[in-house]
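One structure is given below, encoded as structure tokens.
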Amino acid sequence: MNGTDNARIATAEFADPSRHANGNTITRSQTLLFAASVGIIVTNLFAPQTLVGLIGPSLGAAASESGLVSMATLLGYAAGLFFLVPLSDLVENRALVLRMLCAAALAAVVASFAPSAASLLAVLFVLGAACSCIQVLVPVAASMAPPGQDGRVIGDVMSGLMIGILLSRPIASLAADAFGWRAFYGISAAALGLLAILLGLTLPRRTPLAHANYAGLIASLVGLLGQEPVLRRRAFTASLVMAAFSVFWTAVALRLSAPPFDLGQKGIALFALVGAGGAAVTPIFGRAGDRGFTRQATVLCHLVLIAALGLAAWAGSAKAGPLWLPLIFMGVSAVMLDIGVTGDQTLGRRAVNLLQPKARGRINGLFVGIFFIGGAIGSLLAGVAWAWGGWNAVCATGAVFGAAALVVDWVE
């Protein structure tokens, strides 16, 4: 395939966005449906972060290997973004979403019966890949947005995504506390199956007009990444921020379950629920981008993230005495961290969705795939940092990623 072919595929044409949605601009109820859908699907990606303390010992994994459980789903998600989401620029999107949802539900069923760590890691990789249908749904919502309101719609849908990410931990903790960690995947399988039925009845059709084969479509990803410096920069900083996010949330359950906090699964669930408050600011960042404050808001997000990790290191160093104060500050640090991450993701997603509407599916796949690779690396390093230097090493690792994101801001 020559360069001309790659360029043609990279900018392959689609039907007019209004026709994607059967001539309808997105309504409030449709926005809520998109937000709820991505929130339900994404719980599968981050629930393992709060279950590692249970899954690892039950399957014979060492403490330093606990991060692999969380990493497997994130790596699968990244693979789906690179190799499945680009299909949204080639095939009808509703059918693609439904097939991926059915695959996710089946993988969740298998995960609930996995007999060994190796088998669980394999099926979690498949589950993560199937959950990448989220990034088919988001471009559909963006294509239905009124002119000039892309940031608002993306921010509203992203709020559902982030609420799902943050609620995945308390939901998983409560399910595991009551019925064991396998119950979470059984519940998830049922939820995904019901969601497939609902979206099958309500999701609008979005049919691309691309004339290319699958191999050419995947090859065009390299061309898109080379053509768009904004995509490269925003994906890189997003990966750094996501790494910091995963480092914190993979290890915080280990810290809170250890002395002097000694929290059980219910206590960890309540802590994770507090952290979900950070998702409330997601639409604010979307609107800030619409008003031209993308750069300033991005720098603010990265500063807040670094400050959050510093506060978490202080709060987690408590040895004895009244524990309510350090626990409160640990909760504040979680909210601050989530604000920094959700803001960066929303601003980055808005920026890349404005680049090439004709290649929106692949651009979203590249952007999210790259930043989830960062998340997988963070999950892996969390276990290593915890085994090597405890909570302070975990926070320091996350802060290094945040500082690197600030350096990229300065270079820009």
Can you find a pair of side-chain heavy atoms, one from [X] and one from [Y], that are under 4.5 Å apart?
X	Y	value
Val85	Ile134	no
Phe293	Phe285	no
Ile284	Arg287	no
Ser333	Met330	yes
Phe245	Asp338	yes
Leu33	Thr202	yes
Val352	Leu355	yes
Leu74	Ile377	no

Could you report the tightest heavy-atom contact between [X] and [Y], atom names first, then the distance?
X	Y	value
Ala405	Leu240	N-CD1, 3.6 Å
Ile40	Ala191	CG2-CB, 4.2 Å
Ile187	Ala175	CD1-CB, 4.2 Å
Ala105	Gly193	CB-N, 4.2 Å
Thr294	Gly289	OG1-CA, 3.6 Å

Under 3.5 Å, is there a donor-acceptor pair between the side chain of [X] and the main chain of [Y]?
X	Y	answer
Asp344	Cys301	no
Glu92	Ala95	yes
Arg94	Pro204	no
Ser246	Gly375	yes

Check your understanding: Going through the distances and angles, do Leu203 and Leu198 end up as a side chain to side chain contact (heavy atoms under 4.5 Å, CB included)?
Key -> CA-CA 8 Å; Leu203 191 66; Leu198 178 61; over 6 Å; no
Drop me the distance from [X]'s [atom1] to [Y]'s [atom2], to the nearest 0.5 angstrom.
X	Y	atom1	atom2	result
Ser379	Leu75	OG	CG	8.5 Å
Cys395	Arg255	SG	CZ	9.5 Å
Met100	Cys133	CE	SG	5.0 Å
Thr298	Leu347	OG1	CG	4.5 Å
Gln227	Leu224	CD	CG	5.5 Å
Thr237	Met242	OG1	CE	13.0 Å

Practice item. Go through Leu51 and Phe46 one step at a time and tell me if the side chain to side chain contact (heavy atoms under 4.5 Å, CB included) criterion holds. Key: CA-CA 9 Å; Leu51 297 177; Phe46 294 93; over 6 Å; no
Considering residues at least two apart in sequence or located in another chain, which fulfil the side-chain contact (heavy atoms from CB on, under 4.5 Å) criterion with [X]?
X	result
Val394	Val247, Ala251, Ala385, Trp386, Trp391
Ile328	Trp324, Val332
Val91	Leu87, Leu96
Leu221	Pro86, Ile218, Arg362, Leu366

Let me check something: any side-chain donor-acceptor pairs from residues 367-374 under 3.5 Å, sequence neighbours excluded? List them with distances.
none

Exercise for review: Look at atom CZ of Phe236 and say whether more than 12 heavy atoms of other residues, nucleotides or ligands are closer to it than 6.0 Å.
Suggested key: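 No, because the 6.0 Å sphere around CZ of Phe236 holds 12 heavy atoms or fewer from other groups.
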Review point. CZ of Arg232: more than 12 outside heavy atoms within 6.0 angstrom?
Key: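 Yes, the 6.0 Å shell around CZ holds more than 12 heavy atoms from other groups.
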**Study point:** Pairs involving residues 184-199, ordered by first then second residue, that meet side chain to side chain donor-acceptor pair (under 3.5 Å) (sequence neighbours left out)
**Key:**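 Non-adjacent pairs meeting side chain to side chain donor-acceptor pair (under 3.5 Å): Asn44-Ser188.
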**Study point:** side chain to side chain donor-acceptor pair (under 3.5 Å) partners of residues 129-141, not counting sequence neighbours, each pair once
**Key:**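 Residue pairs passing side chain to side chain donor-acceptor pair (under 3.5 Å), neighbours aside: Tyr77-Gln135, Gln135-Arg349.
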Point to revise | Stepwise side chain to side chain contact (heavy atoms under 4.5 Å, CB included) test for Asn93 and Thr207 | key: CA-CA 6 Å; Asn93 287 189; Thr207 305; over 6 Å; no
Anything under 3.5 Å between a donor and an acceptor, one on a side chain of residues 118-125, the other on a protein residue two or more places apart or in another chain? List them.
unit_1	atom_1	unit_2	atom_2	d
Ser119	OG	Ser116	N	3.1
Ser119	OG	Ser116	O	2.9
Ser119	OG	Ser116	OG	3.1

**Study point:** Qualifying residues under side-chain hydrogen bond (donor to acceptor under 3.5 Å, both in side chains), relative to Ser37, sequence neighbours excluded
**Key:**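 Ser37 satisfies side-chain hydrogen bond (donor to acceptor under 3.5 Å, both in side chains) with no residue once adjacent residues are dropped.
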Practice item. With sequence neighbours left out, write down each residue that passes side-chain hydrogen bond (donor to acceptor under 3.5 Å, both in side chains) with Ser168, or none if nothing qualifies. Key: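 side-chain hydrogen bond (donor to acceptor under 3.5 Å, both in side chains) list for Ser168, sorted by chain: empty.
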Review point. Which pairs with one or both residues in residues 26-48 pass salt bridge (Lys or Arg N to Asp or Glu O under 4.0 Å), sequence neighbours excluded?
Key: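 Output for this query lists Arg28-Asp156.
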**Study point:** side chain to side chain contact (heavy atoms under 4.5 Å, CB included) between Leu327 and Leu256, intermediate numbers included
**Key:** CA-CA 9 Å; Leu327 193 57; Leu256 293 176; 4.0 Å; yes
Tabulate below the donor-acceptor pairs under 3.5 Å that side-chain atoms of residues 306-317 make, not counting sequence neighbours, or state none.
unit_1	atom_1	unit_2	atom_2	d
Ser317	OG	Trp314	O	2.6

Review point. Which word best sums up how the rings of Trp249 and Phe271 line up, parallel for under 30°, tilted for 30 to 60°, or perpendicular for over 60°?
Key: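 The rings of Trp249 and Phe271 sit tilted, inter-plane angle from 30° to 60°.
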Review point. Would Asp409 and Arg295 pass as an ion pair if we require N to O under 4.0 Å?
Key: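 Result for this pair is no, no salt bridge flagged.
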